[in-house]
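Written below as structure tokens is the structure these notes are about.
Just so it is clear: chains get the letters A, B, ... in the order the sequence lines come, proteins before strands, and each one is counted from 1.
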Amino acid sequence: MSTVTSTATPTLDISGTSRVPFGRLITVELRKMADTRAGMWLLLAIGLITAAIVTIFYFAAPDEQRTFLNFMGATATPQGFLLPVLGILLVTSEWGQRTTLTTFALEPSRSKVIASKVVAALLLGLVAIVLAVGIAAVATVLAGEPGAWDNIGVDDFAKFGILQVSGILQGLAFGLIFLNSAAAIVTYFVLPIAFSIVSNLWGALKDAAPWVDLGGTSQQPLFSGVDMTGEQWAQLATASAIWILLPFVVGLVRVMRAELK
Amino acid sequence: MIKVDGLSKSYGGFLALDDISFSCQPGRVTGFLGPNGAGKTTTMRIMAGLTPASRGEITIGGYHFRDIPNPGRHVGVLLDASAQHGGRTGREVLTIGAKTMGLPLSRVDEMLALVSLTPAEAKRRVRNYSLGMRQRLGIAHALLGDPSVLILDEPANGLDPAGIRWMRGLLKSYAERGGTVLLSSHLLNEVELIADEMILIGRGKIVAQGDKKTLLAERGNSTHVVALDNTTLQEALTSYDVSWTPAGDALAVDAEPVEVGRIAAEKGIVLVELRHADGGLENLFLELTSDAQRDDITTQGESA
């Protein structure tokens, strides 16, 4: 009579299980960045090179240039090279080593996993920035130049932060588009250079460069130490949209649709 | 518990899965058997939400995989034991899983002990693991969250005979406690040893399913016979409208042994061997998946 009961499909009892909290995903992503040799060395390299560049600047620069802002500015270049690599690897190492099979079987929401990677990368970037500021401060105290602490505004830190965060986000974006470490890293470094060369040769593009050439032109005012005009901010925003936002969105769409093998 | 319903997957014009349906019950180990490229892995990837289906759906315990909160606590998945970061230690791989699922780290040690990876081995980087060790690590990872469903793609691949026996014991006792196991293999022997139920897939289609006995029963009678003079026997069988195929030194006859014996007796043919064909499952497997095989194995000729 009640044949239905015997053939009823057994169900999972998921009432006692909550979704994986976002914070937990972030701590796992941070752990994944540091638990391989490659990741550990990259983090160490960012720290050591930051300290090294300040030390070199300390001994190489003329006395009157040994100001806090100059020390901090010196760290921007090496960090600007390494932080994007960190962003790239955080994404591509999963695909390269095919750990996506386990990562996404434990958290099926791809957007949530990518978001946790973004936050983890930004947190690491924040640590790098704090480190740069700390080492620059120590160097400034040791140098003891008069007026070394003058003219420091909130905007100086903001610009430094924008620069580093842009690099990390652009790295993540390129990682998402290529899902391959080598391709992402090479393209990240070569494409802007190629673009700058082309825009220098091609007049029309040269005029537009401040709007479209992110690293070569649009970000330069961030280094200059003078106040940026509204137009310069607009140019920075436009170039950032082209080089960071656009690839990020394209990469995200790709990852959301991709078949994970 | 696992329900595959009208599942199809096409890649461009290639139909990798063609409207397949089957289900896996709790307390049973279900073997998913088919030659390479038959669609086993694709099915399992769709199961775990890693590949979108073109048509149809898979539910686990009534839910789509993506709707199961903290899925590692309910469904243990091992899709490719080699898909681990070579630079991480075995223990670290499990630790990441445990942290994601919110499990105490003691669970990592329990699982390592369960799959017989020693503390020294657990400290080594995965790139230095043999395939067998990776499989053990992968099974440990799948079992971490104490799930009630296990989905394992070729878990016996790379295990030595002792390892396969160990896994059979592990999965049997897991199923006896009420767990649902789906495991795939391209080797009949493995599945025959481990699985209660079998699903045979070839070229994206389910060709047979059921337990071993049912599968064999459905295939009718077949007799393995060797006569002193096979040619005479062949002629005799043909004259009685009984079909046969040569099988090495013997003949495979589509009739009960007793009938073959009777024909031989009437014709005065001396038989040296007469019995039910054994290895039936293997033949069945090869036969059912023959049009999906890369090597043509069943073209031993039709009777003239």
Exercise. Specify which of A:Thr103, A:Asp35, A:Thr102, A:Thr99 makes the most heavy-atom pairs with chain B at under 4.5 Å.
Key: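 Most heavy-atom pairs under 4.5 Å with chain B: A:Asp35.
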Quiz item: Between A:Val28, A:Thr17, A:Asp13, which residue shows the highest count of heavy-atom pairs closer than 4.5 Å to chain B?
Solution: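 So the answer, after comparing A:Val28, A:Thr17, A:Asp13, is A:Thr17.
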Under 4.0 Å between a Lys/Arg side-chain N and an Asp/Glu carboxylate O for [X] and [Y]?
X	Y	answer
A:Glu94	A:Lys117	yes
B:Glu57	B:Lys3	no
B:Asp109	B:Arg91	yes
A:Arg98	B:Asp80	yes
A:Arg31	B:Glu92	yes

Quiz item: Does any donor atom in the side chain of B:Asp153 or B:Ser184 lie under 3.5 Å from an acceptor atom in the other side chain?
Solution: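 Yes, because at least one side-chain N or O of B:Asp153 sits under 3.5 Å from a partner of the opposite role on B:Ser184.
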Side chain, backbone, both or neither: which part of [X] has a heavy atom under 4.5 Å from chain A?
X	answer
B:Ile60	both
B:Arg66	both
B:Phe65	both
B:Ser148	side chain
B:Thr180	neither

So which of [options] has the biggest tally of heavy-atom pairs under 4.5 Å with chain A?
options	value
B:Ile46, B:Leu50, B:Ile68	B:Leu50
B:Gln84, B:Lys99, B:Arg88	B:Arg88
B:Ile96, B:Thr42, B:Thr41, B:Val75	B:Ile96

Quiz item: Checking side-chain contact (heavy atoms from CB on, under 4.5 Å) for the pair B:Thr51/A:Leu260: CA distance, chi angles, key distance, verdict?
Solution: CA-CA 6 Å; B:Thr51 294; A:Leu260 303 171; over 6 Å; no
Quiz item: Where does A:Leu106 contact chain B at under 4.5 Å (heavy atoms): side chain, backbone, both or neither?
Solution: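 Both backbone and side chain.
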Quiz item: With only heavy atoms counted, which part of A:Ala38 is less than 4.5 Å from chain B, the side chain, the backbone, both or neither?
Solution: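 For A:Ala38, neither part sits under 4.5 Å from chain B.
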Practice problem: Answer yes if the ring centres of A:Phe195 and A:Trp243 are under 6.0 angstrom apart, and no otherwise. | Solution: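 When the ring centroids of A:Phe195 and A:Trp243 are compared, they turn out to be within the sub-6.0 Å range.
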